[in-house]
Amino acid sequence: MARPHSTYPISCRKKWRMAFTVISFVKALHHLSKKALHMKPQTLFRSFSYLAIDVAPPHVPSPRHKLSIADPKLLSHMVGDKRLDSLTQFGDIKELAALLETDLKRGISDDDNDDIDRRKRVFGVNVFTRPPSKGFLSFVLEAFKDTTIIILLFCAVLSLGFGIKQHGWKEGWYDGGSIILAVILVIVVSSVSNFNQSRQFKKLSAKSGNIGVEVVRGGRRQSVSISEVVVGDIVQLKIGDQVPADGLFLEGHSLKVDESSMSGESDHVNVNADTNPFLLSGTKVAEGFARMLVTSVGMNTAWGVMMGSITRELDEETPLQVRLQKLTSAIGKVGLFVAALVLVVSMIRYFMGSTRDDFGNREFVGRKTKFDDVMNAVVGIVAAAVTIVVVAIPEGLPLAVTLTLAYSMKKMMRDNAMVRRISACETMGSATTICTDKTGTLTMNEMKVSEVWVGKKLIAEGGYLAPSLVQLLKEGIGLNTTGSVYQPQEISLPEISGSPTEKALLSWAVMDLGMDIDEVKQHCEIIHVETFNSEKKRSGVLIREKRGSNRVHTHWKGAAEMILAMCSNYHDNTGEIMIMGDEERAQIGNIVKNMATKSLRCIAFAQKSSNEKVCEKLEETELTLLGILGLKDPCRPGVEAAVESCKNAGVKIKMITGDNVHTAKAIASECGILNPSEELDEDAVVEGFQFRNYSHEERMDKIERIRVMARSSPFDKLLMVQCLKQKGHVVAVTGDGTNDAPALKEADIGLSMGIQGTEVAKESSDIVILDDNFSSVVTVLRWGRCVYINIQRFIQFQLTVNIAALVINFVAAVSSGKVPLTAVQLLWVNLIMDTLGALALATEEPTNDLMKMPPVGRVEPLITRAMWRNLISQASYQVFVLLILQFKGRSIFDVSEKVKNTLIFNIFVLCQVFNEFNARKVEKKNIFEGLGKNKLFIVIVGFTVVLQVVLVEFLKMFAGTERLSWGQWGVCVAIGALSWPIGLLVKCIPGRPSK
């Protein structure tokens with residue numbers, strides 16, 4: 001008989017319990033090991049070299065500790081290398097999200113700044129570190145590499161050496177030292193200018209990289225800067241978006257990503273939760289929509305590693321700069337020839353004893369002349385010849401382009417236009433045709449449901465709709481959408497996000513139908529989604545009811561006539577289903593037409609139910625029409641005036657829209673693109689399918705007359721751009737969608753929309769219109785024309801100086817063997833006309849007169865007949881006056897040779913100062929118009945005059961001048977001021993730009 005358990009001693013019972021526990025534990029380990037051996041190979045976890053058993057209660061890590069144990073490098077390699085095995089180390093995406101302290105529905109907290117700062121400390125910030133840009137010393141070294149500068153400095157050093165040897169340190173350094181100081185001044189001024197422009201372009205580049213990203217924080221969708229995205233964020237992605245960081249796919253439909261920027265492969269990559277959940281920073285969403293969990297940011301992403309080795313070049317050479325380089329080269333060759341001629345003639349005259357000093361003595365008397373004197377004279381002749389080359393080469397032309405482009409880019413940013421490609425600034429000035437979108441560009445892009453039709457009946461506000469129909473509309477709107485509804489509190493209004501169209505539809509469903517989007521989603525399971533297609537102009541969703549019958553429903557939403565063509569039945573407001581015969585179809589078609597003529601965008605909803613348990617494809621035939629909603633999008637204020645301004649400027653406006661032809665006509669008439677009072681050409685309004693079905697000859701024949709294209713596809717827009725370019729037009733195109741990218745790239749100027757535009761569209765464009773407003777497009781046109789006119793002003797001014805300086809120095813050198821202007825004086829003139837002249841003339845702001853001129857066109861000569869007229873007259877006047885002074889100045893003014901040369905220098909500089917005013921207006925006689933608006937011009941002219949006075953009166957030894965009396969100053973100013981009446985008289989001669 002067994003002894004009762006209770007009769008055993010306590011010590012014995014403890015030993016039995018311990019033995020039982022050990023046996024049970026060993027059995028459990030044995031069972032687990034057998035189970036692990038029978039697991040599939042792909043589910044095996046990496047084994048450790050030891051096993052530790054902690055009998056103490058498990059320690060739950062604090063949130064701070066939990067976040068810090070996630071290794072940023074491991075996360076980076078997991079997504080960058082697309083390693084599913086690395087993901088399994090974390091368990092799955094849900095466990096990784098828990099590790100990153102992210103709620104998969106609500107995201108991270110939106111009001112806890114400490115949490116966001118902690119994430120930035122642990123995982124880094126979403127900013128790419130680029131290699132350092134060129135510093136100031138780099139620009140100084142580049143300036144020193146100029147061949148003429150090197151020769152000048154060499155001559156200056158020789159002159160300095162011989163001068164000190166001959167006259168000692170006290171007086172011998174003046175000639176050589178003055179040239180060195182003048183050269184250094186020119187180098188410093190040009191280097192500072194180039195450095196500032198480089199910084200300006202860098203700032204603009206940084207702004208162009210600032211992308212808005214939609215994230216979910218605290219349950220709300222909100223837009224943040226790409227640099228504010230942190231690890232653990234949940235990001236909403238839709239077609240056209242740029243993936244802002246590395247991450248993992250959470251949920252979505254039909255997501256395809258363009259990874260060509262990373263891999264070079266053009267094929268789009270399918271991203272899903274099962275086989276490929278990895279999303280790489282810098283890639284673009286080509287199709288579908290999704291939510292992603294951010295796992296790596298900034299330099300920890302694959303894109304960050306690649307960008308770290310790339311520096312964006314900001315010294316893009318524009319077409320106008322290329323043309324100016326050719327002009328500079330041609331003028332430089334002429335200057336080189338003149339300088340060589342001056343050098344040879346001066347040398348011959350010197351060694352023949354034909355030159356005399358200030359006291360009338362021959363400078364070269366054979367062997368009696370000291371070697372140092374000979375070398376000083378030779379160095380002086382070479383320096384003068386080299387300085388003529390410096391003055392002759394208009395290196396200020398490229399500088400003027402850079403200055404005016406940088407200035408206009410800065411001002412355009414203020415006027416809601418961000419330039420991405422510098423060349424677009426000047427190209428826009430030549431635009432002859434603008435192809436514009438309707439929605440958001442000509443209109444406000446603030447949609448509101450203003451009419452609701454169910455069947456053939458207009459439903460007034462608060463009108464009756466059957467509960468069954470209301471439920472179907474809630475499903476069709478709430479599930480077939482890329483927008484979202486967030487209800488912060490029961491008493492507050494819901495926050496609705498998405499595109500303007502989606503927001504309008506969701507707002508109507510919430511406010512008028514009482515839709516609770518969360519409730520709709522709880523009762524239905526989404527099986528398949530067809531995202532919006534610009535060709536079919538519709539989107540669809542296949543859903544299954546979670547309760548009751550488990551029936552499957554197909555819901556379609558899209559352009560009214562497209563959806564109507566798919567329907568064979570329609571609902572009336574009582575919920576009864578009616579057969580749609582030909583008569584009913586025509587009646588509903590007329591309803592759509594009448595809505596469109598009132599500028600309404602017509603969106604239709606259709607549905608079809610099925611009892612099939614397995615269904616993976618959306619039905620496209622025999623659907624039942626649920627209703628038609630009319631969305632009103634009013635025209636932007638000022639659009640009509642902007643369109644009229646373009647017409648006056650000779651620029652044609654063509655509206656390309658996806659809306660139906662009646663809506664397109666109504667909006668075009670409202671904006672002034674079509675004139676309701678005049679008889680409409682039959683080719684003025686076409687539909688996309690008509691245009692693409694024309695033969696090439698028909699398209700080329702009709703393209704000039706087409707003003708509106710409705711129901712267009714992105715391919716139609718591209719085709720129109722190509723046809724217009726073949727006809728010789730300079731074409732600007734606006735676009736906001738991913739599919740607009742080909743047309744934006746094909747156009748001479750691509751203009752993307754900053755608010756509604758996708759990142760793909762922005763990447764393909766030259767200029768981003770930040771407020772999506774057509775008036776800003778016209779502002780860009782004005783600035784483009786202003787850039788071109790500013791360059792022409794500067795060319796006229798500079799060539800006048802070039803011609804005058806070359807002729808005076810050449811004639812003087814050949815006739816007397818000496819040039820009247822010293823190397824230092826010529827370098828000062830060079831500084832006035834290059835850097836200071838460029839600053840003064842290249843920063844004029846656009847005026848309304850620019851929009852009254854015809855477009856420049858592709859082959860318009862850079863120097864027009866009017867410019868030739870102005871510069872030849874001014875150069876001739878200057879040459880005439882200065883040559884008289886050169887040969888008769890001493891006797892006319894009864895002064896010494898040195899004072900005469902000072903008078904020539906002073907008059908030459910003052911002529912340029914007064915001619916700078918003439919250059920402000922190429923055609924107009926009133927050269928002072930708008931002068932008060934350009935403060936920089938006034939400051940530069942004043943600065944030039946003050947420095948000229950200082951050079952003549954106080955820096956005699958440096959500039960090689962003599963002090964002038966008040967009377968002599970008055971004569972100099974009077975001769976310079978004569979440039980104004982001469983300019984006025986010359987402008988009476990017709991000088992229309994050549995065609």
Side-chain angles (χ1 to χ4, degrees), residues 174 177-193 196 387 390-391 396 399-400 403 407 793-794 797-798 800-801 804-805 820-844 874 878 881-882 885 898-899 901-920 927-928 930-980:
Y174 289 138
S178 298
I179 297 173
I180 291 172
L181 287 174
V183 168
I184 289 172
L185 180 64
V186 170
I187 288 171
V188 168
V189 171
S190 63
S191 299
V192 168
S193 178
N196 285 336
T387 309
V390 173
V391 175
L399 173 63
L403 280 170
Y407 179 76
R793 288 170 178 146
F794 181 69
F797 171 69
Q798 183 154 58
T800 304
V801 186
L821 301 175
T822 67
V824 172
Q825 291 170 358
L826 284 171
L827 284 169
W828 168 234
V829 171
N830 188 61
L831 186 65
I832 292 172
M833 70 181 188
D834 278 353
T835 307
L836 298 180
L839 274 169
L841 293 170
T843 53
E844 289 279 347
Q874 292 293 336
Q878 291 177 21
V881 169
L882 296 177
L885 288 172
K898 203 162 188 181
V899 173
N901 287 340
T902 302
L903 284 168
I904 290 174
F905 167 58
N906 204 31
I907 290 170
F908 186 57
V909 169
L910 290 175
C911 278
Q912 310 323 318
V913 171
F914 283 99
N915 191 40
E916 215 160 352
F917 287 86
N918 286 326
R920 289 187 68 245
I927 58 176
F928 303 107
L931 183 63
K933 294 178 181 178
N934 192 349
K935 302 290 191 297
L936 189 59
F937 181 92
I938 298 169
V939 169
I940 287 171
V941 168
F943 178 71
T944 304
V945 171
V946 169
L947 274 183
Q948 179 65 16
V949 171
V950 171
L951 275 175
V952 171
E953 296 295 323
F954 303 106
L955 297 177
K956 298 190 300 178
M957 302 302 291
F958 172 74
T961 57
E962 286 291 326
R963 283 192 167 188
L964 300 178
S965 66
W966 284 104
Q968 289 165 343
W969 269 104
V971 170
C972 293
V973 171
I975 293 172
L978 273 174
S979 300
W980 287 352

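Start at 1 with the first residue, then count along the sequence.
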Practice prompt. Kindly determine whether Leu964 and Leu903 satisfy side chain to side chain contact (heavy atoms under 4.5 Å, CB included), including the steps that lead there.
Written response: CA-CA 8 Å; Leu964 300 178; Leu903 284 168; 4.0 Å; yes

From [X] atom [atom1] to [Y] atom [atom2], the distance as rounded to the nearest 0.5 Å:
X	Y	atom1	atom2	value
Gln912	Asn918	CD	CG	11.0 Å
Leu951	Phe905	CG	CZ	5.5 Å
Leu885	Ile907	CG	CD1	4.5 Å
Leu882	Cys911	CG	SG	6.0 Å
Gln874	Leu978	CD	CG	10.0 Å

Discussion item. With a 3.5 Å distance limit and no angle check, can you tell me whether Ser979 reaches the backbone of Asn915 through a side-chain donor-acceptor pair?
Written reply: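 No, because the side chain of Ser979 does not come within donor-acceptor range (under 3.5 Å) of the backbone of Asn915.
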
Can you see which heavy atom on [X] is nearest to which on [Y], and at what distance?
X	Y	result
Leu841	Phe794	CD1-CA, 4.0 Å
Arg963	Glu953	NE-O, 2.8 Å
Thr843	Asn934	O-ND2, 3.8 Å
Ala919	Phe797	CB-CB, 3.9 Å
Ala804	Phe908	CB-CE1, 3.8 Å
Lys898	Thr961	CE-O, 4.5 Å

Discussion item. Holding to side chain to side chain contact (heavy atoms under 4.5 Å, CB included), I want the full list of residues that pass it with Val939, two or more places apart in sequence or in another chain.
Written reply: none

Discussion item. Under the criterion side chain to side chain contact (heavy atoms under 4.5 Å, CB included), I'd like the reasoning laid out for Gln968 against Val899: C-alpha separation, chi angles, the key distance, then a yes or no.
Written reply: CA-CA 10 Å; Gln968 289 165 343; Val899 173; 4.1 Å; yes

Item to complete: Scan for salt bridge (charged side-chain N to carboxylate O under 4.0 Å, His left out) pairs involving residues 910-920, sequence neighbours excluded, and state none if there are none.
Response: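 Those involving residues 910-920 are Glu844-Arg920.
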
Response to the item:
With Phe943 as partner, the option from Val941, Leu947, Val945 fulfilling side chain to side chain contact (heavy atoms under 4.5 Å, CB included) is Leu947

Practice prompt. Would you please name every residue forming a side-chain hydrogen bond (donor to acceptor under 3.5 Å, both in side chains) with Asn901, sequence neighbours left out?
Written response: none

Practice prompt. For Gln948, check side-chain hydrogen bond (donor to acceptor under 3.5 Å, both in side chains) against everything at least two apart and list the hits.
Written response: Trp828, Asn906

Item to complete: Give me the ring orientation class for Trp980 and Phe928: parallel if the planes are under 30° apart, tilted from 30 to 60°, perpendicular past 60°.
Response: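 Plane angle over 60°, so perpendicular.
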
Practice prompt. Would you check if Val950 and Leu955 make a side-chain contact, meaning some heavy-atom pair closer than 4.5 Å?
Written response: yes

